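Each chain gets a letter, A, B and so on, in the order its sequence line appears, and its residues count up from 1. Fair warning: this is a prediction, and the values are worked out from it, not measured in the lab.
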2 protein chains.
Amino acid sequence: MADRAAVPEVIWARPERTGRGPKPAFTRADIAAAAVRIADASGLDGVTMRQVAAELGCGTMSLYNYVPRKEDLYELMIDAIGAEHEMFEPSGDWRADMLRNAEETRAIMYRHTWVPRLMPGVFGFSPNTLRYLEHCLACLEPLDVPAGTKTELIALLNGVVTTYTGNEIATAERTRAMPWSAEEENAVRMAYLGSQIATGAYPRLTASFTEQSGPVDLEAVFRRALERILDAFDPDLR
Amino acid sequence: MADRAAVPEVIWARPERTGRGPKPAFTRADIAAAAVRIADASGLDGVTMRQVAAELGCGTMSLYNYVPRKEDLYELMIDAIGAEHEMFEPSGDWRADMLRNAEETRAIMYRHTWVPRLMPGVFGFSPNTLRYLEHCLACLEPLDVPAGTKTELIALLNGVVTTYTGNEIATAERTRAMPWSAEEENAVRMAYLGSQIATGAYPRLTASFTEQSGPVDLEAVFRRALERILDAFDPDLR
DNA sequence: GCGCACTACGTACGTTGTACGTAACTACGA
DNA sequence: TCGTAGTTACGTACAACGTACGTAGTGCGC
């Protein structure tokens, strides 16, 4: 029996096929694509080993020949959507390029709303992740700061993109999944917040709430956050 | 029978006790404390309805009298650790105060390593969350920007603290939970990264890796990220 | 003092990840 | 050329999870 048990292993380090025995029926890409298809259609919770196997048309346990743990399936999924990133030719304007990268990541997340929920748990540097990092570094070539600072900029931007977009998606999905209407939910929330505000314990918070009129433009907030971070790394603004 | 079914409800809007029938055996605080105790000791995955009930010394299903869904239990937990935040008197130096707030949040997360994993899923503005936001706004009183901008600063800071600290914790826990040693894991990872680098497909990434010598000072990276964000909101630096 | 709204909790169901055993298959060493 | 070792494939089975449901007991408001 194959030792599929505990072995210090990044799935990307394990060769895709081994040569001996029957030909594998699927590639990793097949499996990743099936999982992505399910996640897009039914959400991340729809991605079960049984469902993925059914989508592929094979027995549940056969999957474990390709993916030692479910966690590794997630890794495959993240790598798969990483291929959607357009690795454009750097323009020479590092700010514009990084904005474009961020905006594209955001778009990918809106296309695959399960990505933000998966990101924090993914650690193996998948091929497409490495390609993306390399691409970002290429975009940052004109920026005259140490390499370590560039890495920090990339990490900070990616983190903000994930956090902001993930929050928006989670809020949207929350209202969608509920058996009651969004208005109803909002009414209950507002009633609660109103009752809290009425206690007078949160004067500044109350002022902040009442001051702002109309709905928040999430995209604008997102853009401002990005710009601010770019400002903070821009030597020309110091 | 009580209708514990789908109702648009924030748990904080539901009154803690109703007056009729037998006195409840526990308060929400009891339950939250029990869940926090378990999470601290056995991780977030140890927090099951059965475990929490056992910790309280009651039947599993009795919990559902207090907490309609497990998700609401999480909400209770987040609120409970929110009480650990020290709401100090603002010093008048908003940068120093916000740094202190961030550093304290980070410390709380290191004390309760499950917090970052829970944060993205928590939406109900719990009492302690409101108190914390109010406190942040008090610290930002000397900052001369619109109220909306202050809110954005708070959100950005909190997001970065959660992301950075959460990543660190996840990495640490990952190596701890593994049946193999951290050195072994690291060796495998490095061997893999080395093999990728050897392909020559990632020249800039390779340079960045080899350029940096010695381990990364995570706390310093964290501090720099905070300072940069504060810079970006500081009118005196524009 | 009656009844209703609540608490308490055992049982049970559906679903999950995955350990394990078995059977079939093929590339390699002899 | 032929075993045989290392695979793939997959059915069965198990422990653990969230929680629906039913029943029994309790005490406040009318």
Atom [atom1] of [X] and atom [atom2] of [N]: how far apart are they, to the nearest Å?
X: B/I38; N: D/dA16; atom1: CD1; atom2: P; result: 15 Å
X: A/L63; N: C/dA19; atom1: CG; atom2: P; result: 14 Å
X: A/L73; N: C/dT18; atom1: CG; atom2: C1'; result: 14 Å
X: A/R14; N: D/dG6; atom1: CZ; atom2: C1'; result: 14 Å
X: B/F26; N: C/dT7; atom1: CZ; atom2: P; result: 12 Å
X: B/N65; N: D/dT23; atom1: CG; atom2: P; result: 17 Å

Salt-bridge criterion met for A/R28 and A/D72 (N-O under 4.0 Å):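 No, A/R28 and A/D72 are not salt-bridged.
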Carboxylate-amine/guanidinium contact A/E168 A/R106, below 4.0 Å: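 Counted as a salt bridge, because a side-chain N and a carboxylate O are separated by less than 4.0 Å.
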Drop me the distance from [X]'s [atom1] to [Y]'s [atom2], to the nearest 0.5 angstrom.
X: A/I78; Y: A/H112; atom1: CD1; atom2: NE2; answer: 10.0 Å
X: A/E84; Y: A/I108; atom1: CD; atom2: CD1; answer: 5.5 Å
X: A/R37; Y: A/E55; atom1: CZ; atom2: CD; answer: 4.5 Å

Touch class at under 4.0 angstrom, heavy-atom based, for B/A53 against every strand present: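 If one applies the 4.0 Å heavy-atom cut-off, B/A53 turns out to touch nothing in the nucleic acid.
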Sugar-phosphate, base or nothing in reach of A/Y66, heavy atoms under 4.0 Å: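 Result for A/Y66 = sugar-phosphate.
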Polar atom pairs (N or O), protein with nucleotides 10-17 of chain C, under 3.5 Å:
unit_1, atom_1, unit_2, atom_2, d
C/dG17, OP1, A/K70, NZ, 2.4
C/dG17, OP2, A/M49, N, 3.1
C/dG17, N7, A/R50, NH2, 2.6
C/dG17, O6, A/R50, NH2, 2.9

For nucleotides 27-30 of chain D, which of its nitrogen or oxygen atoms have a protein nitrogen or oxygen under 3.5 Å away, and what is each distance?
unit_1, atom_1, unit_2, atom_2, d
D/dC28, O2, B/R20, NE, 3.2

Presence of B/S62 side-chain N/O under 4.0 Å of C/dC9 phosphate oxygens OP1/OP2: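 Yes, such a contact exists.
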Heavy-atom pair with the smallest gap, counting every atom of A/R204 and B/E134: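 Taking every non-hydrogen atom into account, N-OE2, 3.0 Å.
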Heavy atoms from other residues, nucleotides or ligands near CZ of A/F125 exceed 12 (cutoff 6.0 Å):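 No, the 6.0 Å shell around CZ holds no more than 12 heavy atoms from other groups.
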From A/I169, A/T163, A/T165, residue fulfilling side-chain contact (heavy atoms from CB on, under 4.5 Å) relative to A/N167: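 The passing option is A/T163.
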Backbone of A/F26 reached by a side-chain donor or acceptor of A/Y66 within 3.5 Å: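 Yes, A/Y66 side chain to A/F26 backbone: donor-acceptor pair under 3.5 Å.
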